[in-house]
Amino acid sequence: MGVVVLGSINMDLTTYVPRLPAPGETLFGSSFITVPGGKGFNQAVAAGRLGAPTQFIGRIGDDTFGKGVLALVANEPVDISGILVDPDSGTGLAVISVDEAAENAIIVISGANMAHDGREVTRTRQALQPASVLLLQMESPLEISLAAAKAARDRSATVIFDPAPAQALPPEAYQLAHVMTPNELETEVLVGFRPTGQAEAAKAAEILLERGVDTAVIKLGAQGVYYQSSSDSGFVPPFRVNAIDTVAAGDAFNGGLAVALAEGRPLAEAIRWGAAAGALATTKPGASSAMPTRAELEALLAI
Ligand code: RIB
């Protein structure tokens with residue numbers, strides 16, 4: 001049992017602004033924070049804080065941002081012994097703006113995250129147990145993630161593939177994913193149309209299932225989540241919270257889903273866990289810093 005996350009780790013440089021700037025415009029922001037992020041690491045922190053034994057496999061540079069990231073992540077309930085320090089690459093960076101409507105814009109400089117090679121596959125394989133859940137995203141080389149997914153399948157582990165940021169995928173990616181969790185934008189890149197409601201989400205899920213995914217989970221943002229497998233389908237309405245910063249809400253969703261599946265919970269319940277974790281992440285500033293605790297999740301699920 002447990003969660004293994006292979007993916008990106010960044011230093012997030014986040015500004016809070018009244019609105020996202022127009023091209024060529026200079027805006028005054030209200031505040032600035034520096035926190036560890038990266039879709040991979042955020043998902044690992046979510047899984048760890050929600051109570052699963054969690055290992056993160058990734059890479060940073062031997063530089064100031066890398067040292068800063070390592071110092072900050074040491075306090076999280078995540079095994080970070082799988083972070084490799086790469087003398088030839090810079091630590092990943094994300095430059096983020098969040099507006100007063102809680103919306104965000106993110107620019108990622110990948111650095112060491114895109115230098116992953118066979119060493120990440122080896123460390124992932126070593127971390128996996130038969131009942132593990134492996135979480136993958138798209139901020140590190142796809143071929144390395146797919147090799148890790150194969151290793152997970154060989155060990156009878158469950159593969160959750162978060163296709164973020166959006167990119168067209170080869171057929172193998174669908175066949176290796178037990179669960180795929182695109183949002184509306186990512187769904188559009190994968191299937192050619194943006195689902196605006198449950199009926200379109202069902203059509204998109206059908207396409208993902210035909211391509212080989214066992215369970216398609218279509219995140220519709222403020223509208224909720226549609227999910228479909230060969231034996232089950234349903235819709236989870238959104239949890240109502242006071243959102244101030246939507247950065248990493250999708251990562252929290254994946255972390256919550258992974259922990260629930262690792263604990264053997266039924267699919268419908270696991271989707272609720274993901275939705276609740278995602279909602280809670282929007283109530284706090286920052287990326288990994290905003291991931292909810294188990295107590296916060298259980299309190300929201302009980303409402
Ligand atoms: O999903 C949010 C994350 O995307 C941020 O933490 C940033 O680092 C980028 O990877």
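Counting convention: from 1, in listed order, for ligands and their atoms alike.
For residues 17-33, the set of pairs meeting the salt bridge (Lys or Arg N to Asp or Glu O under 4.0 Å) definition, not counting sequence neighbours, comprises R19-E25.
Clustering of Ile, Leu, Val, Met, Phe, Trp and Tyr by side-chain heavy atoms under 4.5 Å joins V98 with Y16, I33, V35, I96, I106, V108, V247. Alongside M114, the hydrophobic cluster contains no other residue (criterion: ILVMFWY side chains under 4.5 Å).
Salt-bridge formation is not detected for the pair K203/E206: no Lys NZ or Arg NE/NH1/NH2 atom is positioned less than 4.0 Å from an Asp or Glu carboxylate oxygen. Between D117 and R59 a salt bridge is recorded (basic side-chain N to carboxylate O distance below 4.0 Å).
Side chain of E186 to backbone of N183: a donor-acceptor contact under 3.5 angstrom is found.
When heavy-atom distances to ligand 1 are checked against 4.0 Å, the residues falling inside are N10, D12, G37, G38, K39, N42, A94, I106, V108, E139, A248, D251, A287, ordered by chain and number.
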